[in-house]
Amino acid sequence: MNKLVSTSNQKREEHLETMRHSASHVMAEAVQSIFPDTKFAIGPAIKDGFYYDFDLPRPLSPDDLPVIENKMKEIIAADTPFIRKEVTREEARQVFAAQPYKLELIDELPDEKVSLYQQGSFLDMCRGPHVKSSGEIKAFKLINVAGAYWRGDEHRPMLQRIYGVAFDTEAALEEHLQRLEEAARRDHRKLGKELDLFSIQDEFGPGLVLWHPKGAVVRRVIEDFWKEEHFRRGYDLVYTPHIARMDLWRTSGHLEFYKNYLYSPMDIEGQKYILKPMNCLGHISIYKTRLRSYRDLPLRYAELGTVYRYERSGVLHGLSRVRGFTQDDAHIFCRPDQLEDEVVAVLDLALFMIDTFGFQNYQLLLSTRPEKYAGTVEIWDEATETLRRALERSGRDYEIDPGEGVFYGPKIDIKFESALGKAWQGPTIQVDFNLPPRFDVNYVGEDGREHPVVMVHRTVLGSMERFLATLLEHYGGAFPTWLAPVQVRIIPVADRHLDYARQLETELKDEDIRAEVDARAERINPKIRQAQLEKVPYMLVVGDKEVEAKTVSVRLRSGEQTAAQPFARFKETVKSAIASRAGDSERSGGKAN
RNA sequence: GCCCACAUAGCUCAGUUCGGUAGAGCACGUUCUUGGUAAGAACGGGGUCACCAGUUCGAAUCUGGUUGUGGGCUCCA
């Protein structure tokens, strides 16, 4: 039964992909009719749609899209057939004599036979398959134009790419467009501004985050939780400076391998110092202040360490890609025989965090040895196998990401999906074969001799900045109560209820509940509206009845209202919601505005 | 860094076609209103139209450059 369903789903998916691919050919035909001198690159189907790369006589602007779209509709209405032909490589060269990108592709084809597809006046080299005729393309929309390097190589020409989406029904297309709108509503950059959480200012510097009071509250709650949990799990919390002598980074190899990410050195009394791009050297330096016995291991140094990396201007993105950020970093120094248990413990911690913060969409990846690597094949294989065993013990599904390890060791990554459907790097656990030998990070074994430690770099949230972005998009700004910047908004009906409201505020604050009175000379409606827009979890309305009976009327941001209840009972409800770090069943953040 | 687009009040945006030195709503301030679950009313303050040049009698508007933002590409320890 399940198998049947999945087979028919698979067929539908395959058909959709074929149709999207054909749509890209139709788009190419439309572009050709508008710009006869176009040089064509490639035009595949992608998730939800398709694109085609063109070399055009002039830059496209968004205004060109409707024109191309209309031309495509004409082609679809004409229902022209897709005709497959096979020619030899030599014949193909002649057909595409004026198409340099196609010629380059032809030269790389493995077979002597080349398949072509013709529809209407447009002939393209293509493996296929395609729909029978253009009329099978049902619902599509051109989304945007973008630059794209030929073959993804930044040293080759920049082409113009047109992206489109396509579905088998208008309803499915409409649904997709709605999803895009919802994603835009949940964009952390928009929510960050609306909820007054943070800003990134041109005048201050691109990629540098200013955390406003409300964002700082969320961060503090996350950090306190993080510290408690690390302390509980046997980590030692440390602090290390933001700058260090450049020589240290030369010894570590960072100067050589990561020079593109480092800021220029500064001169201090004739010595060069740099801003740290990582926290590991501080932790290694602490480790090395004394001789360590095998009995001391494992040592786990944890730090919310702020690092600075030069990111090229075009890659900056809200809180997700910045130039200064705080990693929830830790380095574990252990013996080889302890590695597996340590990795299992880190995985357990990472998954505990993920569950606590309410994430469901994430993926575990084991990255193996890349082409360029430090150490020997034997130690790589052994460590990779250790990571794999740890993943198996965790009992969660994972995938292998071949060759995606860092040069210094294999790693396990956890990736989140953001509201915009992008995968973002979350927790990462990396074994390091490079630093211990470079810095002689050793321990004295039972045999009285020094042995290199096994070093593990790990983060469980990624960075505070990126993690806030992920949280915001996940909850659409409606944080669960334990994380909400304001947990309770107290709304007096009239001024004569202010004293009672203040009294409630004090009592809530005494319990470490973040409560505020809305004391403005406004009617109740705007106060409710304001609290709704701020996505405050609890609104307490207090008027004559409540003052009289020592009760509160509770409104949740879902719009749900409860009958007046004793204040003490409400306080207990909130306290337990916070203590349990309960997720919120309602994540939309209420009515859109 | 590369391609395209964009940059007007704290925010969201009109105004730019065809050059004649700025507008709305929200927010903010004052006053009135003390109102029971998503916008009460009146009045008021607020902008070197991102920045620097150029063209012009005159530039928010045209041209060039710079910076930043957005969508992509490349990159992401």
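Naming: A, B, ... by sequence-line order, numbering from 1 per chain.
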Worksheet item: What's the CE-P distance between A:M158 and B:C4, to the nearest Å?
Response: 9 Å
Worksheet item: Does the base of B:A38 carry an N or O that pairs as donor and acceptor with the side chain of A:R555 under 3.5 Å?
Response: yes
Practice prompt. Report the nucleotide, chosen from B:A77, B:G36, B:G1, that has the shortest atom-to-atom distance to any side-chain atom of A:S313.
Written response: B:G1
Worksheet item: Is the phosphate of B:G71, meaning OP1 or OP2, less than 4.0 Å from a side-chain N or O of A:H317?
Response: yes
Item to complete: Would you mind classifying the nucleic acid contact of A:S553 as base, sugar-phosphate or nothing, using non-hydrogen atoms under 4.0 angstrom?
Response: base
Worksheet item: When rounded to the nearest Å, what value does the distance between C1' atoms of B:C2 and B:A60 take?
Response: 30 Å
Practice prompt. Please state how far atom CD in A:E203 lies from atom P in B:U66, giving the value in whole angstrom units.
Written response: 19 Å
Item to complete: Using the C1' atoms only, state how far B:A14 lies from B:U74, rounded to an integer number of Å.
Response: 38 Å
Item to complete: For A:E371, look at atom CD and say whether over 12 heavy atoms of other residues, nucleotides or ligands are found less than 6.0 Å away.
Response: no
Fill in: Polar contact flag, side-chain donor to acceptor under 3.5 angstrom, A:E182-A:Q178
no
Item to complete: Pick base, sugar-phosphate or nothing for A:L159, based on heavy-atom distances below 4.0 Å to the nucleic acid.
Response: nothing
Practice prompt. Using the C1' atom on both, measure B:U67 against B:U33 and round to a whole Å.
Written response: 48 Å
Discussion item. Please name the nucleotide paired to B:C32 by Watson-Crick or G-U wobble geometry with both distances under 3.5 Å, or report none.
Written reply: B:G40
Worksheet entry | Side chain of A:N525 - closest among B:G35, B:C3, B:A39 | B:A39
Fill in: Nearest-angstrom distance, C1' atom, B:C49 to B:A9
10 Å
Worksheet item: Of the nucleotides B:U74, B:A38, B:C73, which has the atom closest to the A:R161 side chain?
Response: B:C73
Discussion item. Tell me the interatomic distance from A:Q201, atom CD, to B:U69, atom P, rounded to whole angstroms.
Written reply: 12 Å
Practice prompt. Please measure how far the C1' atom in B:G40 lies from the corresponding atom in B:A22, and state the result in whole Å.
Written response: 30 Å
Practice prompt. Determine the minimum heavy-atom distance between A:T459 and A:G426, stating which atoms define it.
Written response: OG1-O, 4.0 Å
Worksheet item: Pick the nucleotide of RNA chain B nearest each of A:E154 and A:K527; which residue has the one closer to the 5' end?
Response: A:K527
Fill in: Rounded C1' spacing from B:G19 to B:G54 in Å
15 Å
Practice prompt. Kindly say if A:R189 contacts the phosphate of B:G70, meaning a side-chain N or O under 4.0 Å from OP1 or OP2.
Written response: yes
Worksheet item: Among B:U34, B:G1, B:G71, which is the nearest nucleotide to the side chain of A:A521?
Response: B:U34
Discussion item. So is the aromatic ring of A:Y163 stacked onto the base of B:G72, judging by whether the centres are under 5.5 Å apart and the planes are under 30° apart?
Written reply: no
Item to complete: Return the nearest nucleotide to the side chain of A:D544; candidates are B:A77, B:U37, B:G36.
Response: B:G36
Item to complete: Give me the ring orientation class for A:F50 and A:F140: parallel if the planes are under 30° apart, tilted from 30 to 60°, perpendicular past 60°.
Response: tilted
Practice prompt. Test A:Y301 against every option in A:Y235, A:F333, A:Y287 by the ring-ring contact (aromatic ring centres under 6.0 Å, His included) rule and name the one that passes.
Written response: A:F333
Item to complete: Kindly point out which of B:U37, B:C2, B:A77 is positioned nearest to the side chain of A:Q430?
Response: B:A77
Worksheet item: Has the side chain of A:R312 got a donor or acceptor atom sitting under 3.5 Å from an opposite partner on the base of B:U74?
Response: yes
Worksheet item: For the base of B:G36, is there a side-chain donor-acceptor partner from A:E546 under 3.5 Å away?
Response: yes
Item to complete: Determine whether any donor atom in the side chain of A:R321 lies under 3.5 Å from an acceptor atom in the base of B:C76, or the reverse, and answer yes or no.
Response: yes
Discussion item. I need the CZ-P distance between A:R520 and B:U30, as an integer number of Å.
Written reply: 14 Å
Practice prompt. Could you state the atom-to-atom distance from OH of A:Y261 to C1' of B:C75 in whole Å?
Written response: 5 Å
Item to complete: Mind checking A:R496 for me? I need base, sugar-phosphate or nothing, with any heavy atom below 4.0 Å counting as a touch.
Response: sugar-phosphate
Worksheet entry | A:D432 bridged to A:K411 by N-O distance under 4.0 Å | no
Fill in: B:U63: pairing nucleotide in any strand, Watson-Crick or G-U under 3.5 angstrom
B:A53
Worksheet entry | B:G10 phosphate, OP1 or OP2, under 4.0 Å from A:K193 side-chain N/O | no
Fill in: Whole-Å C1' distance, B:A42 and B:A53
47 Å
Practice prompt. Can you tell me the distance, in whole Å, between the CD atom of A:E311 and the P atom of B:U74?
Written response: 16 Å
Worksheet entry | A:D202 CG - B:G70 C1' separation (whole Å) | 14 Å
Worksheet item: Taking the side chain of A:P206 as its heavy atoms from C-beta onward, which of B:G36, B:G68, B:G35 lies nearest to it?
Response: B:G68
Discussion item. Restricting to non-hydrogen atoms, name the atom on A:S285 and the atom on A:L248 that form the minimum distance, rounded to 0.1 Å.
Written reply: OG-CD2, 4.5 Å
Response to the item:
In terms of heavy-atom contacts, A:I400 and A:P402 come closest through O-CD, 3.4 Å
Discussion item. Tell me if the side-chain of A:Y149 makes a donor-acceptor pair with the base of B:G1, cut-off 3.5 Å, by modelled atom types.
Written reply: yes
Fill in: Identified pairing partner of B:A24, criterion: Watson-Crick or G-U wobble below 3.5 Å
B:U12
Worksheet item: To the side chain of A:M278, which of B:A77, B:G40, B:G36 is closest?
Response: B:A77
Practice prompt. Counting heavy atoms from C-beta on, name the nucleotide in B:G68, B:U37, B:U74 closest to the side chain of A:V315.
Written response: B:U74
Practice prompt. Could you work out the separation of B:G36 and B:U31 based on their P atoms and round it to a whole Å?
Written response: 23 Å
Worksheet item: So what does A:G152 touch, heavy atoms closer than 4.0 Å: a base, only the sugar-phosphate, or nothing?
Response: sugar-phosphate
Worksheet item: With sugar-phosphate meaning primed atoms plus P, OP1 and OP2, does A:F257 contact a base, only sugar-phosphate, or nothing at under 4.0 Å between heavy atoms?
Response: nothing
Worksheet entry | Rounded distance (Å) that lies between atom P of B:A77 and atom CG of A:L281 | 17 Å
Discussion item. If you count every heavy atom of other residues, nucleotides or ligands that lies below 6.0 Å from A:D499 atom CG, does the total exceed 12?
Written reply: no
